[in-house]
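Shown next, in structure tokens, is the structure this report addresses.
Below, read A as the first sequence line, B as the second, and so on, with proteins coming before strands; counting in each chain starts at 1. Fair warning: this is a prediction, and the values are worked out from it, not measured in the lab.
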Amino acid sequence: MCEKILLIDGHSILNRAFYGLPDLTNSEGLHTGAVYGFLNILFKVLGEEKPEYLAVAFDRSEPTFRHAKYPEYKGTRKPMPQELKEQIPLLKEMLEKMEIATVSLAGFEADDILGTLAKKGEEKGMDVIILSGDRDLLQLATKKTMIRLPRTAKGQTVIEDYKEDQVQERYLVTPAQVIELKALMGDAADNIPGIPGVGEKTATRLLAEYGSIENAFSHVEEISQKRARESLRENYQMAQLSKELATICTNSPIEFEQEKFQLGNIFTKEAYELCRKLDFRNFLMKFDPAEVNENTIEQDFFICNDLEGCEALFEKAGQAEAVGIALLWDKEGVYGAGLALGEDEMYYVPVEGMVTAAYLSDKIGRLGKSTTVCSMDVKTMLKRADLTPDANVFDCGIAAYLLNPLKSTYTYEELAKDYLDGKLLPGKEELLGKISLKKAWEEDMPELEHLACYMAYTAFATRAPLKAKLQETGMWKVYTEIELPLVFTLDSMEKWGIEVKGEELKNYGEKLTVRIHELEKLIWQQAGEEFNINSPKQLGVILFEKMAIPGGKKTKTGYSTSADILEKLASENPIVNDILEYRQLTKLKSTYADGLGAVIEKDGRIHSTFNQTITATGRISSTEPNLQNIPVRMELGRLIRKVFVPEAGFVFLDADYSQIELRVLAHMSGDEKLIKAYREAEDIHRLTASQVFHIPLEEVTPLQRRNAKAVNFGIVYGISSFGLSQDLSITRKEAAAYIQKYFETYPSIKGFLDGLVEQGKEKGYVSTMFGRRRPVPELKSSNFMQRSFGERVAMNSPIQGTAADIIKIAMNRVYKRLLDEKLRSRLVLQVHDELLIETWKDEIPQVSRILEEEMKGAANLAVELEVDMHQGNNWYEAK
DNA sequence: CTGTTCACG
DNA sequence: ACGTACGTGAACAGA
């Protein structure tokens, strides 16, 4: 085996990474995407080639020998964007810290350096690999020198490899003729004009026939193609110059400093620190922890795997003011727990022998009575730990969510970074990869111990800074009085679940299937062919091309076939209504009939998960399954609610707030007229219409009421004339007129909404009545679209968020009273403005009273909070 | 893995 | 000129 040298075209690869990948910025706002991409390619190629030597060549700013020959050379090259420019020194710094040799030479380009070093490397008997994004380098390919050209295909980096033979295969010319090819064809990037009228095809043919430009010129009369013949005759001198310019110099005065190029350990401590600074988390694991001297926390991890030790451990934990706990479990079992008694005292307790899941559950439950139990995610822990609603707990995930609800995850390693001075811990993925907890536990992997301890450590250590920040931001009350008690409320709802009649659901689904098949046949018949109706792409082609139904493009990817578009086309062709019905039925079948059927558990009930840290506004969300979007608006879909039933001896009581968001708006804006309207009117939309259009209440037409209702909604969403016009199918002008009239009628609302936008711009966030914040970074955007979005968000979030706060308060109060009054009835669902209680029949009056009192009393607004309540033997009836 | 569509508030 | 109403989650298609 020969020794191998890898030569990299620095600017070219950096450039490619910059344009081919999304830009990144680190926490200090430095642009880093191109450097990241460069390193990614570097690591990939190093892994593949395992060279003994490595050098990265860079261009210099001084003019080169090419400029001397041809002053226009690269004259029109577009200037490098600032975001890329500033990454060059960053890359050089990184390479220096990785102890990778960089080479550059005044008067020469990186190409020339690569060519020279490649030649010298070959002379020393080495294999040479050149990594570049520039195809010009192909002229350097030989039997021992391979050119590697990375490109992005389908989001993946693939590398094309060229030795001499591959160049011949792909371009039908020898590497040396690559120069001739370029001289003939020209190169816009380097401002080389080439021969007008000669493209790749002609150039290749000429070279195949004559071998070189000179020889072609000496046989110019024989060239059959007229255009090429005359052009070559006229531009021969230029072509010769081009050739000269395109030729890479392989004997530039640069030393082959073998020792300097020798590849050592690139994962140095200095490089590690720079990677940290740049937020290159994915690279950090490549570094040897011992080498970079990080993660000294692991020295404080201990294993406790005997009963006696555990007894002592939990005894000691019970004396502490607070402990961090991480419980490792999944659907198949409980594997162990991490305990942090201090920042330098972490224990891993695997489930083993006498230390059972039940033992841990009990011990953690007891801890909650004497000590603050800090956890990344209390609700999940509650499923396997016997903590009661009066336990002292601290939920780091929820605290972090309140401090920044825009994040998508709140993992321990993120929290450590954000709240422990940028401390970097290995995450779960990094420790275990795709290995399941169960497998790691069965094989006693040390990574499982690390996971448990890191998690417990973070839960313990972030509590103080999280608490301080919550206090600083005025959100401590929202945290302690709303979110933290809600953890237990939601846990209880998840544990109870809701009974669903599987058989009936199946029957419902089968009925749908019959009609779906009918419609499918009908649609195919009308279309004149079978196709996938579920594919918007195929459907668009059928409707708008084959059947030529008028109605143009909308989306980036093709035609829009969404319901609101199709509804407008219903009169054009009967197929449209069939498609709409088909869509409706397949939705009901796949998402609800089949989807819900698949998640009924052995107890005959569905146990959804209510997520508390997802939404930007403070609402909760529901997953697996989502029980907050069960059909209700259309009768056919609404029937699904009949399969949601209470247990024998119970009924459903369903209570929902009437127009809570509009009432919140009335209160927060303090608009006297709207407040007065709510005090008087039973139909707020009708009254709005009457006031906005200046007509007596009795004379409001249904259309006027509908319009007023749409405006009311629009106000809550952060009004825009375009949005309203879309909703009402009217012109923007008309919509704008409605809005103007609305604001004239309720002047304080305009002032209130403008104030929210202003506050958002000034402070960077908006707040609910209870102090919950939502950052609105979009308001700072220079992009009109983004900024407008930010404005609507600033107007909507305080309203939606306050309503969310209110119902959360109500839920906690209802839950508490059901417990305190020792009732059998239980809260099972929340749908944003609605609570569903599975009510023991004897308790109906008491529960009705509780619901009414606690929902209405959850907040003291300038307008009444009105609650509508219904009772039924299934969810359909109770709505 | 992203975009489209559609169910809810 | 830009091209959207606010907040979610699930299924499906097509790369």
Side-chain angles (χ1 to χ4, degrees), chain A residues 153-156 405 531-540 554-566 579-580 582-596 598-599 608-611 614-634 636-638 640-641 656-657 659-661 665 710-728 732 735 739 766 774 776 778 781-801 803-804 807 829-834 879:
Chain A
K154 296 166 195 166
Q156 284 273 303
F531 66 101
N532 186 346
I533 308 167
N534 283 321
S535 160
K537 194 176 167 192
Q538 294 181 35
L539 182 62
K554 235 198 93 181
T555 62
K556 289 212 186 331
T557 47
Y559 301 104
S560 172
T561 66
S562 62
D564 55 328
I565 299 278
L566 292 189
I579 288 166
L580 286 168
Y582 176 89
R583 280 253 180 90
Q584 200 181 29
L585 299 198
T586 51
K587 174 85 176 178
L588 293 174
K589 174 85 166 80
S590 64
T591 305
Y592 299 104
D594 298 347
L596 291 174
V599 290
S608 177
T609 301
F610 294 101
N611 204 312
I614 292 288
T615 71
T617 54
R619 278 186 174 185
I620 58 172
S621 84
S622 159
T623 50
E624 282 179 288
N626 181 356
L627 291 182
Q628 292 181 319
N629 70 347
I630 303 301
V632 68
R633 294 173 191 166
M634 303 290 282
L636 181 65
R638 192 174 188 145
I640 290 175
R641 292 176 174 237
D656 70 288
Y657 282 117
Q659 293 144 3
I660 185 168
E661 292 187 345
L665 172 67
V711 177
N712 277 332
F713 266 98
I715 295 291
V716 169
Y717 289 158
I719 196 86
S720 78
S721 56
F722 195 92
L724 183 65
S725 71
Q726 284 287 302
D727 188 54
L728 287 176
R732 254 176 88 166
I739 295 167
V766 289
R774 167 170 184 173
V776 198
E778 296 88 347
S781 169
S782 55
N783 177 303
F784 172 85
M785 263 281 299
Q786 292 243 313
R787 207 171 49 248
S788 307
F789 174 72
E791 288 168 2
R792 294 194 296 272
V793 158
M795 295 189 265
N796 169 265
S797 293
I799 302 171
Q800 191 185 112
I807 196 162
L829 280 185
Q830 185 253 44
V831 193
H832 308 307
D833 65 354
E834 168 191 2
K879 194 67 187 125

Could you list the residues that satisfy salt bridge (Lys or Arg N to Asp or Glu O under 4.0 Å) with [X], not counting sequence neighbours?
{"X": "A:Glu791", "value": "A:Lys761"}
{"X": "A:Lys589", "value": "A:Asp594"}
{"X": "A:Arg583", "value": "none"}

side-chain contact (heavy atoms from CB on, under 4.5 Å) partners of A:Thr557, counting only residues at least two apart =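 Listed in chain order: A:Thr555.
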C:dT4 base / A:Ser788 side chain donor-acceptor hit below 3.5 Å |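 There is none.
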Residue list, side chain to side chain donor-acceptor pair (under 3.5 Å) with A:Asn712, at least two apart or on another chain = A:His685, A:Thr688, A:Tyr742
Kindly write out the residues that satisfy side chain to side chain donor-acceptor pair (under 3.5 Å) with A:Gln659, not counting sequence neighbours, or none if the list is empty.
->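 Partners of A:Gln659 by the side chain to side chain donor-acceptor pair (under 3.5 Å) criterion, ordered by chain and then number, come out as A:Tyr678.
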Ring pair (Phe, Tyr, Trp, His ring centres under 6.0 Å) involving A:Tyr582 - partner list, sequence neighbours excluded |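 Counting only residues at least two positions away or on another chain, A:Tyr582 forms no ring pair (Phe, Tyr, Trp, His ring centres under 6.0 Å).
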Shoot me the first and last contacting nucleotide of DNA chain B against chain A, ordered 5' to 3', at under 4.0 angstrom to non-hydrogen atoms.
->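 With heavy atoms of chain A under 4.0 Å away, the range is B:dG3 to B:dG9.
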On DNA chain C, nearest-nucleotide positions of A:Met785 versus A:Ser797: which is more 5'?
->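 Checking each residue's closest nucleotide, the 5'-ward one belongs to A:Met785.
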Which residue pairs pass the salt bridge (Lys or Arg N to Asp or Glu O under 4.0 Å) test when at least one of the two sits in residues 615-628 of chain A, sequence neighbours left out?
-> A:Arg619-A:Glu661
Quick one: do the A:Asn783 and A:Ser781 side chains pair a donor with an acceptor below 3.5 Å?
->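 A:Ser781 and A:Asn783 do not have a side-chain donor-acceptor pair below 3.5 Å.
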CG of A:Asn532 versus P of C:dA13: gap in Å, rounded?
->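 Rounded to whole Å, this separation is 5 Å.
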Can you tell me which stems DNA chain C forms, taking runs of 3 or more consecutive Watson-Crick or G-U pairs with both distances under 3.5 Å?
->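 The stems that DNA chain C takes part in, listed by first number, are B:1-9 with C:6-14.
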Hey, can you pull the residues of residues 616-629 of chain A with a non-hydrogen atom under 4.0 angstrom from DNA chain B?
->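 Hits under 4.0 Å, by residue number: A:Arg619, A:Gln628, A:Asn629.
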Check: residues 717-728 of chain A side-chain donor-acceptor pairs under 3.5 Å, at least two apart:
from	atom 1	to	atom 2	distance (Å)
A:Ser720	OG	A:Gly723	N	3.0
A:Ser725	OG	A:Ser721	O	3.3
A:Ser725	OG	A:Phe722	O	2.7

